Amino acid sequence: MWLRPSLLPVLVTLALVGAAAGCHRAGNAAPAPGDAGPCLVDAAPAEPAPTPPRFDVEGRFRPVQFDLKAARETRDLGLTELPGAARVVDGVAVREIRFLSSSWDATGRVRPIRIQGYLAIPPGAYPEHTKPAVILAHGLGWHGTAQEAVEVCRNIDVVALSISAPGLGGSEGVGVTPQEPRPLFATVPDIRQSWLYAYVYTILRAVTLVQTLPQTDPRGIVLSGVSMGGVSSLVAGGVDDRIRGVMVLSAAGGFEDAERQGAWWRRLVASSAGLKPGDPAAQALFKSLDPLGYAPRQHGAVFMVVGAQDEFFPIDRVISTYEAIRAPAKSLEVVADYDHSWYFGSGCPARCMPGARPRPKECPAAPTCPTRCPPRAKPPYCGPQGSYNNQDNFIPRWALLLRSLVAQHAAQPPRPFSPPPGVPTVERRPRDIVVRPAPGPAPKAVRLAFSDNHGYTYGHVTLKRGPDGAYHLGRGLPPKVSLFIAEVEAEDGAVATSIPTLPRDYRPPVRPFGPQPR
């Protein structure tokens, strides 16, 4: 449930550029003339347990109640500024603040806790109450930073508040880390004990805080949450009608099913003093704070960008979450060759793997970048667990979608950035793959990712537009290829993908938890 801390400097460098459109040459399918060919790796992962059937969202979950009256109270915010912490960074005024939220114990008693935040205000002169606001919620084991508040403020022209969850960074309370996840499952006898409940409540209090600022349009609040911050943001978006949009990065619902599939949720449960998935404490979390229980009641638009190989949220759980969401607008981007920022968020970049021509001079030396590929692996899938560093492709996609979400759903009047493309459809024919974009402006590019190993690795091909207006691969693919993701890129760079086509016998290939590539 965490993104590695060293990702954050990249996460907040909002390089608002289009996604890469190239294809990596690898794999076992013969390329057509002039085509870079599919990008598959020969290594096959171990098969985890079968995927459970889909379920009725409304019938399975028991969403909890939050005291919205207390969360919206402004008189007890206790807003203070850390003396000497105010500064100007790249023309943006940023200051470290504290405000009051709450935590609960096993008896239901509530106590105030002080929450750390970094508040960045857009420069220049403008009327009061006109700037949208973005609240940034981090993943498990990390904390808010001044840098991400400054970068989001500067690049998207919003009031930005980066918060530290309870017990993390400079915030009071009992924190959760990957090494000590027990407070996450502290749900019995009172679900409010859970760190996740306290995190959601902290976000609701942060919404109240930014609404009181003279710069902020109180009707233009957006949440951008990473990993556990994305989970908390989806829950908050399902209970609070003040939230105009939720930008989800590397997060989804389906905790219990992900654990059954062997996802890293299994490790998180087992690390909680030997907790079992069927124990009351785990079941309370699964049934009461899973975002799937809040998906049908989202008050604002929901944009999701998740790696196709995410170890916490397998792709079928991402699909279930997206399909369950009922919101004023929603968009899905499943990025092939990215995970939970573990293997594909670090290590050796694709352009530096063996066989790359020309090889950049700034490439990391061995062992980060190998001098040759392991047996049966083909470039660029030469890193640990068939990986390579793909974060320079992943992070701009989040930045562009966040910009679009603010422009279309939080700014008044809307800003001149188009919404992401609609969901394309994918049709497999005996000698062709056909992608039809949703109605709207002509796309800048249409690409297809496909896999013959249940999504362990992918091929990437740019498609050509045919006379019928659809985009065609122009040739067949080997029968083993059974997982497809089509992506459509708009002129201003925002990307949306199809709902991935999964084989009937799909089993998510979850990479093992291990040392992070460097």
Side-chain angles (χ1 to χ4, degrees), residues 1-3 5 7-8 11-12 66 71-74 76-82 85-86 92-103 112-121 132-153 156 158-177 183-184 194-213 215-216 221-237 239-240 242-243 245-251 402:
M1 297 303 297
W2 63 92
L3 287 177
L7 174 63
L8 284 180
L11 179 65
V12 297
F66 288 83
R72 295 177 180 183
E73 179 58 63
T74 60
D76 61 355
L77 276 170
L79 177 61
T80 59
E81 182 175 331
L82 198 68
V92 174
V94 60
R95 59 187 191 267
E96 185 175 348
I97 63 170
R98 298 292 188 273
F99 63 96
L100 288 178
S101 185
S102 298
S103 67
I113 55 173
R114 301 197 70 78
I115 297 298
Q116 177 191 48
Y118 294 93
L119 181 64
I121 303 296
V134 174
I135 297 169
L136 298 151
H138 61 80
L140 188 151
W142 193 227
H143 52 78
T145 70
Q147 182 186 2
E148 68 174 347
V150 168
E151 294 293 338
V152 170
C153 172
I156 305 185
V158 295
V159 173
L161 175 62
S162 175
I163 61 174
S164 295
L168 298 174
S171 292
E172 297 176 344
V174 179
V176 171
T177 67
L184 178 65
S194 172
W195 174 85
L196 181 53
Y197 186 98
Y199 196 2
V200 175
Y201 192 82
T202 294
I203 291 174
L204 301 181
R205 292 292 283 166
V207 172
T208 300
L209 170 63
V210 296
Q211 283 190 318
T212 67
L213 301 175
Q215 299 87 359
T216 302
I221 310 299
V222 166
L223 310 179
S224 180
V226 182
S227 191
M228 188 63 87
V231 167
S232 301
S233 296
L234 280 171
V235 175
V239 300
D240 195 332
R242 299 175 297 171
I243 296 167
V246 176
M247 178 74 246
V248 180
L249 180 67
S250 297
L402 179 59

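Remember, it's a predicted structure, so these values are computed and weren't measured experimentally.
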(request) Start with the C-alpha gap between Val176 and Met228, add the side-chain angles, then the distance that decides, and say whether side-chain contact (heavy atoms from CB on, under 4.5 Å) holds. (result) CA-CA 10 Å; Val176 171; Met228 188 63 87; over 6 Å; no

(request) Decide side-chain contact (heavy atoms from CB on, under 4.5 Å) for Glu96 and Glu81; before the verdict, give the C-alpha distance in whole Å, the side-chain angles of both, and the deciding distance to 0.1 Å. (result) CA-CA 6 Å; Glu96 185 175 348; Glu81 182 175 331; over 6 Å; no

(request) Start with the C-alpha gap between Leu168 and Trp195, add the side-chain angles, then the distance that decides, and say whether side-chain contact (heavy atoms from CB on, under 4.5 Å) holds. (result) CA-CA 11 Å; Leu168 298 174; Trp195 174 85; 3.9 Å; yes

(message) Determine whether Arg72 and Asp240 satisfy the following criterion, side-chain contact (heavy atoms from CB on, under 4.5 Å), listing intermediate values before the conclusion.
(response) CA-CA 10 Å; Arg72 295 177 180 183; Asp240 195 332; 2.9 Å; yes

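Separating the CD1 atom in Ile163 from the OG1 atom in Thr145 is a distance of 12.0 Å, to the nearest 0.5 Å. For the atom pair CG of Leu119 and CZ of Arg95, the computed distance is 5.0 Å after rounding to the nearest 0.5 Å. The line from CD1 of Ile115 to OG1 of Thr202 is 4.0 Å long, rounded to the nearest 0.5 Å. Between atom CG of residue Leu140 and atom OG1 of residue Thr177 there is a gap of 6.5 Å, rounded to the nearest 0.5 Å. Taking OG from Ser103 and OH from Tyr199, the interatomic distance works out to 15.5 Å, rounded to the nearest 0.5 Å. Here Ile135 contributes atom CD1 and Ser232 contributes atom OG; the two are 12.5 Å apart, rounded to the nearest 0.5 Å.
When all heavy atoms are compared, the tightest approach of Ala120 to Ala149 is CB-O, 3.5 Å. Residues Glu172 and Ile113 come closest through the heavy atom pair OE1-CA, 3.5 Å. Nearest heavy atoms, Cys153 versus Val92: SG-CG1, 3.6 Å.
Without hydrogens or angle criteria, Arg242 side chain to Leu204 main chain gives a donor-acceptor distance under 3.5 Å. The main-chain N or O of Val210 is found under 3.5 Å from a side-chain atom of Thr216 such that the two form a donor-acceptor pair. Side chain of Ser194 to backbone of Leu184: a donor-acceptor contact under 3.5 angstrom is found. Proximity of a side-chain donor or acceptor of Ser233 to a complementary backbone N or O of Ser224 within less than 3.5 Å is not detected. A donor-acceptor contact shorter than 3.5 Å links the side chain of Arg205 to the backbone of Leu100. A donor-acceptor pair under 3.5 Å is absent between the side-chain atoms of His143 and the main chain of Gly170, judged by distance alone. Judged by distance alone, with hydrogens and angles left aside, the side-chain atoms of Ser162 form no donor-acceptor pair with the main-chain N or O of Tyr118 at under 3.5 Å.
Aromatic ring pairs are classed by plane angle as parallel below 30°, tilted from 30° to 60° and perpendicular above 60°; the pair Phe66 and Tyr197 is parallel.
Side-chain contact check for Leu249 versus Met247: every heavy-atom pair is 4.5 Å or farther apart. Taking 4.5 Å as the limit, every side-chain heavy atom of Val235 sits out of range of all side-chain heavy atoms of Ile203. You'll find the side chain of Val222 reaches within 4.5 Å of the side chain of Leu402, heavy atoms only.
Between the side chains of Ser164 and Ser171, no donor-acceptor pair is found at a separation under 3.5 Å.
Partner Leu161 forms a side-chain contact (heavy atoms from CB on, under 4.5 Å) with one of Leu209, Val152, Ile221 and no other, that one being Leu209.
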